[in-house]
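Indexing begins at 1, ligand by ligand and atom by atom, following the structure's order. Throughout, residue positions are numbered sequentially from 1 according to the sequence presented. Below, each value reflects all heavy atoms present in this structure, side chains not excepted, and no hydrogens, waters or symmetry copies. Remember, predicted model here, so these are calculated numbers, not experimental data.
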Amino acid sequence: MTTLKAVRGTRDLLPSETALWNRIEATARAVFARYNFGEIRTPIFEDTALFSRSVGEETDIVSKEMYTWEDRARAQSEKTQSLTLRPENTAGVVRAYIEHQLGETGLLQKLFYIGPQFRRERPQKGRYRQFSQIGAEVIGPPSAGSESPLRDAEVLEMLATFLDELGITGWILELNSVGSAADRARYNEVLRTALDLVVSGMCADCQRRAVTNPLRVLDCKVPADQPIIATLPVIADSLDEASRVHFAAVTAALDAAGVPYTLNHRLVRGLDYYTRTTFEFTHGGLGAQNALLGGGRYDGLSEAIGGPKAPGIGFAMGEDRLVLTLAALNQGAAPPQVDAFIAPLGESLNPAALTLARELRRAGLRIELGEGSFRLKKSFEAADKTARNIVILGEDELQSGILTVKTFATGAQTKVPRPELAVFLKQ
Ligand code: AMP
């Protein structure tokens, strides 16, 4: 029989890895809480139309990377429905915002999420078919100030703080504005005209994009196309006054707060719903897939999926990429060591060993429980691999209440009265 393995592009995270994942998630929760974000959890599958209407039919994600299936009706009252594993979470959050009429509160909604996303991509380092994103959205009616450039700057400043607190040094914030929907339409025409002259020398994807969605040409990674792309008009020249003023206010607030950034005219991002500010944080330690996180403003998204006017801005970061970056910076978590390994001398002492372990664990210690059938040598070997101390529990120790503890770092052997054991092992 062939052995079964995790599906290509998916993988298991073992305890040696999840320690770091948990640290990343705990840092995100702690930092986001200080900015008054609350957690939202949306389903991992949604109606396919949600993604085609928001992310966009012409994007790589929707056109070729979604896991979609026809969910057959099981009863006459049910309809067959096209469902999709979420490839990203902004669409789901905005759907929930509309469905639960969160705009009716008149307040800005600050929502964050942590969870798996699914894209049928070609797997490589830092790119998986199931990957986890941490993201957040700030969304609300215009009367709540959701359009303000201050919101953009605050989100970017929060991300800078998060990466700093996580210990990721050397990040680069790349910033651009893709303007309003009208600016983008204008720029698309300018680009289309410019591309007419040069596109025949470009890759097949660019030739297709030049017709369907010229903006996407700027995302092209084919090396031979880069010199041609460098000569194309930039979007900054197609922005109207309002978009220009908005972007200038974002950068002015970042300058004031001391958050460094670089302007990148080509940063249009792969999703259709972005308007005005777009950004990515990149890191050199990641190699080809160098984006730690990306995001931007999406002022028309709610309306595009049938909701009220609800401008917003958000981001998503790949947890896998944060892990890889921390590993490259040697910030990976050290394997946790338990405080003590309890070695019962003989199977008859197993129940007493469980009782002692219970006492110590309730006192907050991390304890590994040995097994009375082990020879003492075997217990020492197991303990040496995982624990700072070994506690020997024989008949004498049980009767006298004085336990023998060996501390591996010093080699010291100490007799400790049972009531003092927890304090001793915590040192
Ligand atoms: P996107 O939704 O494409 O803007 O992606 C946002 C972030 O999610 C990226 O910057 C990556 O960190 C991460 N990401 C996107 N796709 C993948 C993937 N296939 N595997 C791992 N991380 C990913």
Side-chain angles (χ1 to χ4, degrees), residues 6-13 17 20-21 24-25 28 42 44 46 50-51 54-56 58-67 84-94 112-137 155-156 159 162-163 166 168 171-176 178 215-216 218-221 264 266-275 277-298 301 312-328:
V7 173
R8 198 166 117 85
T10 73
R11 68 224 193 288
D12 305 305
L13 297 175
E17 296 159 282
L20 184 52
W21 284 68
I24 291 170
E25 290 171 15
T42 64
I44 63 165
E46 300 262 4
L50 175 65
F51 303 112
S54 58
V55 177
E58 260 308 310
T59 58
D60 284 354
I61 293 179
V62 173
S63 63
K64 52 188 184 202
E65 293 172 359
M66 296 206 303
Y67 287 96
T84 293
L85 287 183
R86 64 184 185 197
E88 58 92 86
N89 217 334
T90 300
V93 171
V94 176
F112 80 90
Y113 59 83
I114 299 178
Q117 317 294 333
F118 306 84
R119 295 183 196 174
R120 191 187 273 114
E121 297 202 75
R122 197 164 49 78
Q124 55 176 272
K125 185 180 171 212
R127 202 204 263 172
Y128 308 96
R129 289 182 167 179
Q130 175 177 335
F131 58 98
S132 179
Q133 281 185 337
I134 302 177
E137 317 292 347
V155 163
L156 292 165
L159 283 164
F162 167 74
L163 293 175
L166 202 54
I168 292 188
W171 48 260
I172 296 171
L173 163 55
E174 299 188 23
L175 202 56
N176 192 21
V178 294
L215 212 63
R216 286 281 88 73
L218 304 183
D219 286 335
C220 174
K221 299 276 188 297
N264 177 355
R266 282 183 53 181
L267 191 70
V268 293
R269 316 253 315 122
L271 285 64
D272 270 2
Y273 53 59
Y274 287 115
T275 52
T277 314
T278 53
F279 57 86
E280 272 182 11
F281 281 73
T282 57
H283 198 278
L286 281 170
Q289 300 295 318
N290 71 349
L292 273 174
L293 67 96
R297 183 165 269 290
Y298 44 81
L301 177 55
I313 179 161
F315 63 84
M317 46 197 166
E319 278 193 84
D320 310 79
R321 308 264 172 100
L322 296 172
V323 167
L324 284 169
T325 309
L326 285 169

Any N/O of Q133 closer than 3.5 Å to an N/O of ligand 1?
yes
Tell me which protein heavy atom sits closest to atom 11 (C) of ligand 1, plus the residue, atom name and distance to 0.1 Å.
R321 NH1, 3.3 Å
Within the 4.0 Å heavy-atom shell around G318, which atoms of ligand 1 are there?
7 (C), 8 (O), 11 (C), 12 (O), 13 (C)
Does a donor on one side chain sit under 3.5 Å from an acceptor on the other, for T42 and N89?
yes
Atoms in ligand 1 flagged as close to R119, the criterion being non-hydrogen separation under 4.0 Å
1 (P), 2 (O), 3 (O), 15 (C), 16 (N)
Tell me, which protein residue and heavy-atom name are nearest atom 7 (C) of ligand 1, and how many Å apart are they?
A316 O, 3.5 Å
Residue, atom name and distance, where the atom is the protein heavy atom closest to atom 4 (O) of ligand 1
R269 NH2, 2.5 Å
In the protein, what heavy atom is nearest to atom 20 (N) of ligand 1, and what distance, to one decimal place, separates them?
Y128 N, 2.9 Å
Show which atoms of ligand 1 fall inside a sub-4.0 Å distance from at least one heavy-atom site of L292.
10 (O), 12 (O)
Criterion side chain to side chain contact (heavy atoms under 4.5 Å, CB included) against R119, the qualifying member of E88, R129, M66
E88
Sub-4.0 Å atoms of ligand 1 with respect to non-hydrogen atoms of L293
10 (O)
Please find the pair of heavy atoms, one from R216 and one from V268, that lie closest to each other, and give the distance.
NH2-O, 4.1 Å
Any N or O on I61 sitting closer than 3.5 Å to an N or O of ligand 1?
no
Who gets closest to atom 19 (N) of ligand 1 by heavy atom: E121, E65, M317?
E121
Close-contact set for ligand 1 against A291 heavy atoms, below 4.0 Å
10 (O), 11 (C), 12 (O)
Is F131 in polar range of ligand 1, meaning some N or O pair under 3.5 Å apart?
no
Residue and atom name of the nearest protein heavy atom (relative to atom 21 (C) of ligand 1), distance in Å to one decimal:
G126 O, 3.2 Å
Check ion pair E65-R120 (N to O, under 4.0 angstrom):
no
Audit row: L159, F281, side chain to side chain contact (heavy atoms under 4.5 Å, CB included) steps and yes/no:
CA-CA 9 Å; L159 283 164; F281 281 73; 3.8 Å; yes
Do R11 and Y128 form a cation-pi contact, if we require the NZ or CZ to be under 6.0 Å from the six-membered ring centre and within 45 degrees of the ring's axis?
yes
